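Here is how names work: the chains are called A, B, and so on, in the same order as the sequence lines, proteins then strands, and each is numbered from 1. The analysis underlying the following values was restricted to heavy atoms, covering all of them including side chains, and did not include hydrogens, waters or symmetry mates. This structure is a prediction, so every number in the text was calculated from the model and none was measured.
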2 protein chains.
Amino acid sequence: MQFDEAKNKFVQTWGALGSQWGINKTMAQIHALLMVSKEPVSMEDIMQELQISRGNASMNLRGLMDWGIVYKANKTGERREFFVAEKDLDELATKIAKERSKREIKPALKVLKEVSAVEGDNSADAKHFVEQTKKLHDFVSRADEMIDKVTEYKDNWLGKLMMKILK
Amino acid sequence: MQFDEAKNKFVQTWGALGSQWGINKTMAQIHALLMVSKEPVSMEDIMQELQISRGNASMNLRGLMDWGIVYKANKTGERREFFVAEKDLDELATKIAKERSKREIKPALKVLKEVSAVEGDNSADAKHFVEQTKKLHDFVSRADEMIDKVTEYKDNWLGKLMMKILK
DNA sequence: AAAAACTTTCAATTATTTTTGAAAGTTTGA
DNA sequence: TCAAACTTTCAAAAATAATTGAAAGTTTTT
């Protein structure tokens, strides 16, 4: 396989994987492109390579920066902005995990707590509902806590975690 | 909060959470409904409670069974089919993780391997591409392996994992 | 063996999400 | 201070995903 073909295949695949996990396909593609680019990339180049509009590029780059996994980079003598991806995979995974926790898991946990405090009703159905939502809250809380514990290892957390598991 | 209100809120929230993770909202809602139902639920009741069509219910129940997290249950003296969710959360999380690995992660890994074997081109860009995609393949492989290792603990794997981490 | 009871399938429709592109906004440098 | 260079915003359009419902399929009962 040639470089251009391989690069394109990688970008497409990463985009599809993102889609399957609820991430805008274009956002994932831009991220893919930046991940394999040695030098910072301009918005113009991103539009060019992915064949997307300026608005689309702008919005999705903003999105990636909000996730904390893409940064602006200034090239000396250049007026326009360039972009680079966080290339440290430990850091990348940590950022994604923490952001998903903050945006999606924690709000859901809040609701689980609320609904498991359903009052008054003593029917068997209501009791089972409380039991189940409490169990869910407990499980999801503990899983969410793990994100914090594991990412505290920082550098090479995946390797360190694997060591612990194998011990 | 009253039972009906709480149940509805839970179903809505679980549906929204599913959406954010790339799962059809209705599928996640049906799953939510089954998770908090004490008795097996008929397709009729699911349609009723979620206000959805027969086709929609049928297709999404099939989807949930394909994930291995919802089963058919026969009620004695009843002709039609009833459905129950896997209520063991360790088992539920294991099934989801293994299925996502199989459907989404492993195919992506295959592509990462392919593209990182890009041939011939000795440009700095191509070298960087190979380096990055190899790093990604390595990282994702190891994360994927962890799913297997961790779920080998089976019963209470989350608790056991937490113990290992804290030790 | 036929009808009744129920489930699945899928083409057409509807809803949702994503994308575009031009106008508005911002920054830089002449 | 102005205009050129660049970025952001957002309403409208396009693309994608989800849903419907009726016909076809299947199983059970009489």
Return the value, rounded to whole Å, for the distance between atom [atom1] of [X] and atom [atom2] of [N].
{"X": "B:R62", "N": "D:dA18", "atom1": "CZ", "atom2": "P", "value": "18 Å"}
{"X": "A:N74", "N": "D:dA5", "atom1": "CG", "atom2": "P", "value": "19 Å"}
{"X": "A:M27", "N": "C:dT17", "atom1": "CE", "atom2": "P", "value": "14 Å"}
{"X": "A:L50", "N": "C:dT18", "atom1": "CG", "atom2": "P", "value": "16 Å"}
{"X": "A:I46", "N": "C:dT19", "atom1": "CD1", "atom2": "C1'", "value": "16 Å"}
{"X": "B:N56", "N": "D:dG21", "atom1": "CG", "atom2": "P", "value": "11 Å"}
{"X": "B:M47", "N": "D:dA22", "atom1": "CE", "atom2": "C1'", "value": "13 Å"}
{"X": "A:M59", "N": "C:dA24", "atom1": "CE", "atom2": "P", "value": "18 Å"}

Step-by-step side-chain contact (heavy atoms from CB on, under 4.5 Å) determination, B:Q12 to A:V111: CA-CA 10 Å; B:Q12 293 304 122; A:V111 174; over 6 Å; no
Categorize B:N24 for me: base, sugar-phosphate, or nothing, with a 4.0 angstrom heavy-atom threshold over every strand shown.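 It contacts sugar-phosphate atoms only.
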Between [Y] and [X], is the closest basic N to carboxylate O distance under 4.0 Å?
{"X": "B:E81", "Y": "B:K75", "answer": "no"}
{"X": "B:K134", "Y": "B:D138", "answer": "no"}
{"X": "B:E114", "Y": "A:K9", "answer": "yes"}
{"X": "A:K95", "Y": "A:E91", "answer": "yes"}

Each nucleotide N or O in nucleotides 12-16 of chain C that has a protein N or O under 3.5 Å away: list the pair and distance.
none

I want to know whether A:Y71 and A:F83 have ring centres closer than 6.0 Å.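 For A:Y71 and A:F83, the ring centres are not under 6.0 Å apart.
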Protein-nucleic acid N or O pairs under 3.5 Å, nucleotides 5-7 of chain C:
unit_1 : atom_1 : unit_2 : atom_2 : d
C:dA5  : O4'    : B:R79  : NH1    : 3.1
C:dA5  : N3     : B:R79  : NH2    : 2.9
C:dT7  : OP1    : B:E81  : N      : 3.2

Nearest nucleotide by nearest heavy atom, which residue falls closer to the 5' end of DNA chain C, A:G55 or A:G22? A:G22
Any luck finding a side-chain donor-acceptor pair between B:S101 and B:D144 under 3.5 Å? yes
Would you name the heavy atoms of A:A57 and A:M47 that are closest together and state the gap between them? CB-CG, 3.9 Å
Examine A:R103 relative to A:W67 and say whether NZ or CZ is less than 6.0 Å from the centre of the six-membered ring and inside a 45° cone about the ring axis.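 Yes, A:R103 lies over the aromatic ring of A:W67.
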